[in-house]
Amino acid sequence: MTPRDILVTNALPYANGPIHLGHLLGYIQADIWVRFLRMQGHTVHYVCADDAHGTGIMLSAEKAGITPEQLIEGVRVEHHRDFKDFLVDFDIYYSTHSEENRELSAYVYQRLQQADAIATRSITQLFDPERELFLSDRFIKGQCPKCKAENQYGDNCEVCASTYAATDLINPRSTISGATPVPKDSVHYFFKLPQFTAMLKDWTRSGTLAPSVANKLAEWLDGGLQEWDISRDAPYFGFEIPDAPGKYFYVWLDAPIGYMASFKKLCSEKGLDFGAYWNEGTTTELWHFIGKDIINFHALFWPAMLTTAGFRKPTSISVNGFLTVNGQKMSKSRGTFIMAATYKEHLNPEYLRYYFASKLGSNPDDLDLNLEDFTLRVNADLVGKLVNIASRCAGFINRSFANKLSPLVAEADLISNFQQHANEIAEHYNNREYGKAMRLIMKLADDANAWIAEKQPWVLAKAQPQSEAVQNICSTGLNLFRLLVIYLKPVLPALAAQVETFLQVAPLRWQDSTTVLRDHTIGVFTPLMTRVDPDKIAAIMEASKSSLGASEEVAVIDSPLVREPIAAEIEFPDFAKVDMRVVKIQHAEHVAGADKLLKLTLDLGLGTDGKPVLRTVFSGIKSAYEPEQLIGQLAVMVANLKARKMKFGMSEGMILAAGDGKEIFLMAPHAGAHPGTRVT
RNA sequence: GGCAAUGUAGCUCAGUCGGUUAGAGCACAGCAUUCAUAAUGCUGGUGUCGGUGGUUCGAAUCCACCCAUUGCUACCA
């Protein structure tokens with residue numbers, strides 16, 4: 001096996017909130033890979049850092065009344081602790097707000113400039129005049145220009161899904177100050193991405209990416225790349241662009257460079273060769289583990305930047321999907337938005353590592369953490385199957401044979417069969433097909449238990465406790481267990497460490513799967529892992545509800561008035577144009593083929609001819625009312641509204657109702673009002 | 001709206017270069033066992049493989065359309 005030299009990075013979490021279970025999926029995936037390769041004897045450097053720049057951090061710090069530097073250092077320590085708790089074994093956990101990153105970002109930028117890959121031009125953006133800062137789309141809300149839905153973000157409408165520019169919003173307002181944003185021009189710096197289209201098309205199809213990821217990128221590549229805006233105006237927490245006072249690098253410019261910076265710091269600490277991992281033409285490997293939400297940054301912008309700046313491109317990018325809990329998006333109200341720290345308080349992190357591993361493949365599919373399935377699977381596989389093998393064999397060895405394994409094994413074929421699977425399992429790990437590896441390992445655990453059940457050492461021990469056969473069988477069982485633990489060590493490093501102590505062996509490496517313990521003295525067995533207590537799961541969900549539900553409420557005030565602010569002022573004559581009348585609903589019926597409409601016949605009272613004036617109105621109130629309950633009721637209609645042809649007929653007016661789209665309430669006069677009376 | 005991914009037993013997932021009665025683990029039922037953290041073994045039923053139509057001697061697997069879920073739609077973080 002040729003030794004590999006690999007630099008592995010994990011996506012940089014944003015230094016603006018705690019690590020949750022969704023984050024952990026990607027980190028645990030990468031960590032398992034790193035641990036596996038290290039066990040095989042390869043050289044792996046594993047780096048990460050906090051992503052510490054941007055408007056979000058600036059505003060959070062302000063809100064907390066501290067400096068951004070204070071905020072990000074506090075969060076960094078917390079993040080690093082969470083990762084350690086989940087046994088994610090980084091060589092360094094740094095920050096993008098570092099001197100190394102400032103220098104590297106400036107360097108890369110200057111190389112881009114020299115290569116004529118930077119353009120500048122003035123663009124118009126919305127500006128918060130109160131706070132004096134430019135507003136990105138997520139900080140602007142207003143009415144959708146297409147469907148008129150209220151309270152939509154500046155980039156797209158969640159109701160009608162149309163996309164638009166923030167400047168197109170009706171009645172836009174800053175979510176930071178509430179002020180009405182004004183358009184303002186400013187010079188921005190752009191990375192000329194389109195000139196790399198051909199290179200990227202080749203690179204994305206060169207085997208560095210999973211096919212489904214390459215397909216995703218093809219959407220952008222075929223649709224035509226745009227120049228990428230890499231500057232932000234002050235005030236902005238980040239690095240100022242060299243020779244451009246008041247202009248800062250956009251956080252996503254310096255975030256991936258943070259991988260380099262973090263590694264550079266590690267190099268200076270450990271005397272490693274930075275260039276051996278980053279220079280063009282190097283033979284070492286560079287792997288990025290990321291979530292599928294940031295594919296474009298890593299597989300489009302980043303390789304283009306690296307190439308232009310004279311660095312190597314990534315060997316591969318491994319993409320993971322999102323985590324769902326109980327089949328749904330993580331939700332604060334359901335208690336499934338679980339923080340790493342909350343989980344850690346109640347449950348063993350290795351349970352989660354195993355569960356993720358058992359369901360992870362190399363593809364970027366979403367992964368569901370079904371808490372009931374989690375409990376059953378962990379208990380059955382780890383406690384019932386795996387640990388049980390040691391538990392049922394160790395007693396005999398401890399009690400009757402002075403902790404000594406026999407010089408012989410009872411079933412050499414079985415052991416050798418276990419050993420022969422090492423390569424296949426290794427292949428699965430290497431390909432990040434952990435689910436396949438776990439299935440295979442658990443199949444072997446089943447075989448081990450079945451074999452012990454067949455040999456019945458307890459029956460032999462009853463007749464003759466000191467029987468050599470008993471020692472051989474149990475020694476074989478413990479050897480099988482040892483092999484399984486070697487195979488599981490990348491996933492369960494803490495369990496493996498306990499087993500190393502129990503078996504009194506040096507830290508297990510992959511190569512150790514070729515050997516067998518004979519004539520070897522072990523320690524006394526103590527329970528290695530306990531079952532998942534369902535009460536703990538309930539406690540986690542309860543804690544997740546209370547800790548997060550509350551803080552969330554404070555941040556966002558939700559009321560009809562907030563969702564839909566009062567419209568622009570009008571004069572009385574404008575109001576007087578609307579002629580509203582009391583009506584009696586003479587008849588109401590369902591409309592065949594209509595999802596939302598009811599057909600109403602409204603009685604306006606007697607007309608000049610002495611006959612009742614009747615109007616037909618189609619009203620979208622089907623979801624809230626049954627026709628029968630409406631008949632005979634009083635209501636209010638707009639009587640002078642121009643008739644409108646609808647799919648199901650003419651609608652001659654509108655009936656007044658209050659509603660937010662979900663609930664609907666008809667307006668009704670108090671009892672005694674007469675049909676035809678004007679409402680003013 | 002466009003694009004993409006996903007949709008296989010109660011649950012979580014394998015499985016498709018088209019080919020015998022569609023698989024695993026868990027759950028469930030019965031039996032056995034009691035060395036082991038009530039752990040283990042054996043046996044057993046379970047599915048219109050999202051829907052409709054097509055190609056084919058033959059389709060979970062290929063094609064078309066549709067439905068559902070999720071995501072993306074880069075000058076958001």
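Pairing for B/rC11 is with B/rG25, a Watson-Crick or G-U wobble pair whose two hydrogen-bonding atom distances lie under 3.5 Å.
Residues forming a side chain to side chain donor-acceptor pair (under 3.5 Å) with A/T197 (at least two apart in sequence, or on another chain): none. For A/K443, the side-chain contact (heavy atoms from CB on, under 4.5 Å) criterion is met by A/D447, not counting sequence neighbours. Residues meeting the side chain to side chain donor-acceptor pair (under 3.5 Å) test with A/R353, sequence neighbours left out: A/D31. Contacts of A/D446 classified as side-chain contact (heavy atoms from CB on, under 4.5 Å), with partners at least two apart in sequence or in another chain: A/K385. Not counting sequence neighbours, A/W220 has no partner by the side chain to side chain donor-acceptor pair (under 3.5 Å) test.
Residue A/F297 is in base contact, counting any heavy-atom pair closer than 4.0 Å across all strands shown. Residue contacts for A/G224: at a heavy-atom cut-off of 4.0 Å it reaches a base atom on one of the strands shown. A/I295 comes within 4.0 angstrom of no nucleic acid atom, judged by non-hydrogen atoms across all strands. The residue A/F190 sits close to a base: some heavy atom pair falls under 4.0 Å.
Residue A/F196 is tested with A/F301, A/F191, A/W203 for a ring-ring contact (aromatic ring centres under 6.0 Å, His included); the sole match is A/F191.
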task: Any chance you could list the contact pattern along nucleotides 31-44 of chain B? Use B for base contacts, S for sugar-phosphate-only contacts and - for none, protein heavy atoms under 4.0 Å, 5' to 3'.
output: --SSBBB-SSS---
- prompt: What string of B, S and - do you get for nucleotides 9-16 of chain B, 5' to 3', if B is base contact, S is sugar-phosphate-only contact and - is no contact with any protein heavy atom under 4.0 Å?
  reply: --SSSSS-
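Evaluation of the ring-ring contact (aromatic ring centres under 6.0 Å, His included) test over residues 353-391 of chain A, restricted to residues two or more places apart or in two chains, returns A/Y355-A/F374.
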Show me the donor-acceptor pairs within less than 3.5 Å that the side chains of residues 458-471 of chain A make with the rest of the protein, sequence neighbours left out.
unit_1: A/S467; atom_1: OG; unit_2: A/A469; atom_2: N; d: 3.0
unit_1: A/S467; atom_1: OG; unit_2: A/V470; atom_2: N; d: 3.3
unit_1: A/Q471; atom_1: NE2; unit_2: A/K404; atom_2: O; d: 2.9

